[in-house]
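Structure record follows, encoded as structure tokens.
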Amino acid sequence: MKAPDFTLTAGPTPASERTLNALGSQIVYHLDPSFIETFRRTTEKAAAFFHTKNDMLLLQGEGILGLEGAARSLTRPGMHVLNLVQGIYGKGMGQWLESYGAVLHEIEVAYNDAVDPAEVDAYLTAHPEIELVTIVHSETPSGTITDCSKIGPIAHKHGALTLVDALSSIGGVEFEPDEWQLDVCVSGGQKCLGGPVGVTMVSVSPAAWERMLSNDSAPRYSYISLIDWKVSWLENGTFPFTPSVTDVVGLEAALDAMLDEGIEHSIARHARAASVTRAGIRAMGLKLWPTSDAISGNPITAVRVPDGILHTDLSAHIRERYSVMLSTGQSAGNLIHIGHMGPTATGMHQIVALAALGAGLTDLGATVDLGAGIEAAMRVLGATAS
Ligand SMILES: *Cc1c(COP(=O)(O)O)cnc(C)c1O
């Protein structure tokens with residue numbers, strides 16, 4: 001089966017030509033001094049992308065590896081953890097934490113809403129035994145943002161560390177981990193960066209290292225160990241095992257593209273793509289999934305699928321008839337996503353997505369004003385052209 005003409009999903013997202021070219025370069029022996037240099041440069045660029053002075057690790061696997069490694073390293077049996085849930089990634093983190101023996105506390109809101117930082121403050125006041133707060137910054141399937149700028153300082157005030165899933169946020173929305181006092185942050189290549197899927201970037205604060213190193217339950221001598229990477233790479237400049245050479249080279253190219261563009265510019269580009277998309281959805285007469293624009297993320301627009309139509313049928317129909325791949329709500333709800341991450345967070349990509357979505361819904365019997373949607377989206381696009 002042929003790949004679709006357009007991939008506009010919750011990620012993985014298409015990569016730039018620069019990244020694709022780098023992914024085609026020759027495979028180098030991992031202990032060759034040139035690769036060690038590449039690895040060091042890429043680590044520095046990842047730290048620049050995160051805007052952090054904390055230690056940066058490049059873990060050799062998809063984002064889940066970084067999240068699982070970080071969560072396990074910070075958790076021990078009997079430890080009290082507050083997990084914030086506004087979607088399926090938050091929910092999944094809670095299941096991990098419980099499986100490691102943590103005493104799980106959760107603040108859970110509807111999957112189209114956002115956790116209120118004041119509620120986190122009140123909860124931590126009532127539960128001083130909590131040592132860690134886990135947060136999903138951009139809850140991708142829900143299309144919502146959690147306010148880490150407020151929750152980070154609140155957690156610290158109460159003596160708790162923070163673990164942040166920033167997979168789909170960095171490069172698409174503002175992210176200031178040092179200013180926001182975030183301890184461990186995890187991101188990946190395949191979302192707003194438009195890079196390869198196989199590497200996770202993890203930043204670790206000194207306080208988080210201290211916690212991990214004093215934790216007997218933290219994985220050591222393991223593929224998911226963060227401590228192994230600290231000892232091998234940060235302290236001795238070598239690797240605990242062979243890194244995914246090709247993915248690292250691809251990641252560097254994607255980071256180069258991002259840093260050359262400028263992170264602020266990239267965020268503005270994602271914000272513009274989101275406002276074009278939202279204008280189109282509203283004018284078509286459809287409903288956005290998040291309860292307000294204030295909690296909606298720039299990387300993705302989640303749209304309610306009209307009653308009587310199933311999100312998975314809609315996505316399959318659009319893929320088949322129009323060769324456009326849009327992602328579904330998974331278990332977050334009967335919703336469909338227009339992803340605008342990485343190189344596709346530019347004008348006409350969103351128009352393609354809106355056209356395919358509007359036509360697909362019409363085909364399946366919904367009442368949609370496709371023309372008004374495209375016109376409204378084009379007007380926002382034109383008005384914000386630079
Ligand atoms: C993409 C993503 C991940 C990575 O997980 P996969 O399910 O393997 O794609 C983790 N967290 C968030 C919020 C993501 O968007």
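Keep in mind it's a predicted model, so treat the numbers as computed, not measured. Just so you know, ligand 1 is whichever comes first in the structure, and atom 1 is the first atom listed for that ligand.
In this structure, a donor-acceptor pair under 3.5 Å is present between the side chains of D147 and S149. Checked by atom type, the side-chain pair E62/Q190 shows a donor-acceptor distance below 3.5 Å. Residues T144 and Q86 have side chains that bring a donor and an acceptor to within less than 3.5 angstrom of each other.
Looking at Q190 next to ligand 1, no N or O pair under 3.5 Å apart turns up. In terms of polar-atom proximity, E62 is counted as a contact of ligand 1, with an N or O under 3.5 Å from an N or O of the ligand. By the 3.5 Å distance cut-off applied to N or O atoms, E139 is not counted among the residues near ligand 1.
Applying the 4.0 Å criterion to heavy atoms of D165 picks out, from ligand 1, the atoms 10 (C), 11 (N), 12 (C), 13 (C). Below 4.0 Å from some heavy atom of K191 lie the following atoms of ligand 1, by number and element: 1 (C), 2 (C), 3 (C), 14 (C), 15 (O). Of all atoms in ligand 1, listed by their number and element, those nearer than 4.0 Å to a heavy atom of T140 are 12 (C), 13 (C), 14 (C), 15 (O). The distance from ligand 1 to the heavy atoms of L67 drops below 4.0 Å at these ligand atoms: 10 (C). Near I64, with a cut-off below 4.0 Å to any heavy atom, the atoms of ligand 1 are 5 (O), 8 (O).
With sequence neighbours left out, the salt bridge (Lys or Arg N to Asp or Glu O under 4.0 Å) criterion links R76 to E131. Taking the side-chain contact (heavy atoms from CB on, under 4.5 Å) definition, one finds that A207 meets it with L161, D183, S205, sequence neighbours left out.
Using the six-membered ring where Trp is involved, F175 and H137 have ring planes that are tilted, between 30° and 60° apart. Taking the six-membered ring where tryptophan is involved, the planes of W233 and F239 are essentially parallel, since the angle between them stays under 30° and well short of 60°.
For S138, the heavy-atom gap to ligand 1 drops under 4.0 angstrom.
Y89 OH, 2.6 Å is the protein heavy atom nearest to atom 7 (O) of ligand 1. For atom 3 (C) of ligand 1, the closest non-hydrogen atom of the protein is L167 CG, 3.4 Å.
Between H340 and H349, the gap from one ring centroid to the other reaches at least 6.0 Å.
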